[in-house]
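Everything numeric in this text was worked out from a predicted model, so none of it was measured.
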Amino acid sequence: MEEGADLLKLCVPAVLYIAQNNLQYVIETSPLFVIMYDCKVVTTALFYTHMLNRRFKKREWSSIVVLTVGIAMVQSAETDVHYHHASNFVGISAVIFACLTSGFAGVFFEKTLKDSNSSIWMINLELSMISSSLGMFTCLMEDTEAISARGFFSGYDRWVILVIVLQAMAGLSIALVVKLSDNVYKGFATGVSITIACFIDQLLFDNHVW
């Protein structure tokens, strides 16, 4: 009975995560949109205070704002983007909606995870099943001809499979962080990961280490 209730609750973040991932196709076409999207750290903190009745001190709010600005400064160096036909209005609207859905979905998932007696593995399995079903439906609606002609797994080489595995491991680690701490700490961990990723990108590509 409880697992069925958890499954219904997980439909909310699953739908929001699907919407957020699709909005990123518009967001990642402009450096301005990418930088604005970093405000999801602030929206997460706002939803966290209202949904989980947690109050932050001024020093903690200052840390959150500094984190957001720091991530934006790191990502502002990214210039390799593929420009979209979307107007600034569409792009900014996508950023605002994505920030809101990201914050709400993250905190809602945390609340569901901490209120449930199910294991992290079961919660993530249920969330992935819902998200995969929704994503598959979207693929079939948008790319029916391409999938029929070349098959669903066309282009899946070892690097794509490696990325999928790493993303799955990242999802489990995020769930563990949220379970044992909260979404705010997850935001700080994300900031560190972005900094490390940019450093590795600079080291491997710009300096021609390979």
Checklist entry - In this structure, are over 12 heavy atoms from other groups packed under 6.0 Å from M51 atom CE? => result yes

Checklist entry - If you measure from CD on Q24 to CD on Q20, what distance do you get to the nearest 0.5 Å? => result 5.5 Å

Next on the checklist: Nearest 0.5 angstrom please: I120 CD1 to L125 CG, how far?
Outcome noted: 13.5 Å

Checklist entry - Under 3.5 Å, side chain of S116 to main-chain N/O of T112, donor-acceptor pair present? => result no

Checklist outcome for this item: When every non-hydrogen atom of I18 is compared with those of S131, the smallest separation belongs to CD1-O, 3.5 Å

Checklist entry - Pairs in or reaching into residues 58-70: which pass salt bridge (Lys or Arg N to Asp or Glu O under 4.0 Å), with residues at least two apart or in two chains? => result R54-E60

Checklist entry - Is the count of non-hydrogen atoms from other residues, nucleotides or ligands lying under 6.0 Å from R158 atom CZ greater than 12? => result no

Checklist entry - Is S154 reaching over with its side chain to a backbone N or O of G151, donor-acceptor style, under 3.5 angstrom? => result no

Checklist entry - V177, L113: one ILVMFWY side-chain cluster at the under-4.5 Å cut-off? => result no

Checklist outcome for this item: Closest non-hydrogen atoms of G91 and V26, given as atom of the first, atom of the second and distance, are CA-CG1, 4.0 Å

Checklist entry - Would you say V66 and V41 are hydrophobically clustered, going by side-chain heavy atoms of ILVMFWY under 4.5 Å? => result no

Item to check | Verify same cluster id: W159, L166 (apolar side-chain graph, 4.5 Å) | outcome: yes

Checklist outcome for this item: The reported gap from CG in L134 to CE in M129 (rounded to nearest 0.5 angstrom) is 11.5 Å

Next on the checklist: Check for me, please, whether L172 and I161 land in the same ILVMFWY cluster - side-chain distances under 4.5 Å, paths through other members count.
Outcome noted: no

Checklist entry - More than 12 non-hydrogen atoms from neighbouring residues, nucleotides or ligands closer than 6.0 Å to CZ on F97, yes or no? => result no

Item to check | Interatomic spacing from CZ in F109 to NZ in K186 - rounded to 0.5 Å | outcome: 9.0 Å

Item to check | Nearest heavy-atom neighbours spanning M36 and I92 | outcome: CE-CG2, 4.0 Å

Checklist outcome for this item: Contacts of F47 meeting ring-ring contact (aromatic ring centres under 6.0 Å, His included) (sequence neighbours excluded), chain-then-number -> F104

Checklist outcome for this item: When rounded to the nearest 0.5 Å, the distance separating OH of Y37 from OG1 of T43 is 8.5 Å

Next on the checklist: Show the nearest heavy-atom pair for residues A175 and N124, with the distance to one decimal.
Outcome noted: CB-ND2, 3.2 Å

Next on the checklist: Please list all pairs meeting ring pair (Phe, Tyr, Trp, His ring centres under 6.0 Å) that have one or both residues in residues 120-155, counting only residues at least two apart or in different chains.
Outcome noted: F153-Y156

Checklist entry - Are V42 and L52 joined in one hydrophobic group, where the rule is that I, L, V, M, F, W and Y side chains link up if heavy atoms are under 4.5 Å apart? => result yes

Item to check | Minimum heavy-atom distance between A45 and I64, given as atom pair plus value | outcome: CB-CD1, 3.7 Å

Checklist entry - Got a second to check how far L100's CG is from T44's OG1, nearest 0.5 Å? => result 10.0 Å

Item to check | Shortest non-hydrogen contact between K40 and C99, atoms and distance | outcome: N-SG, 3.7 Å

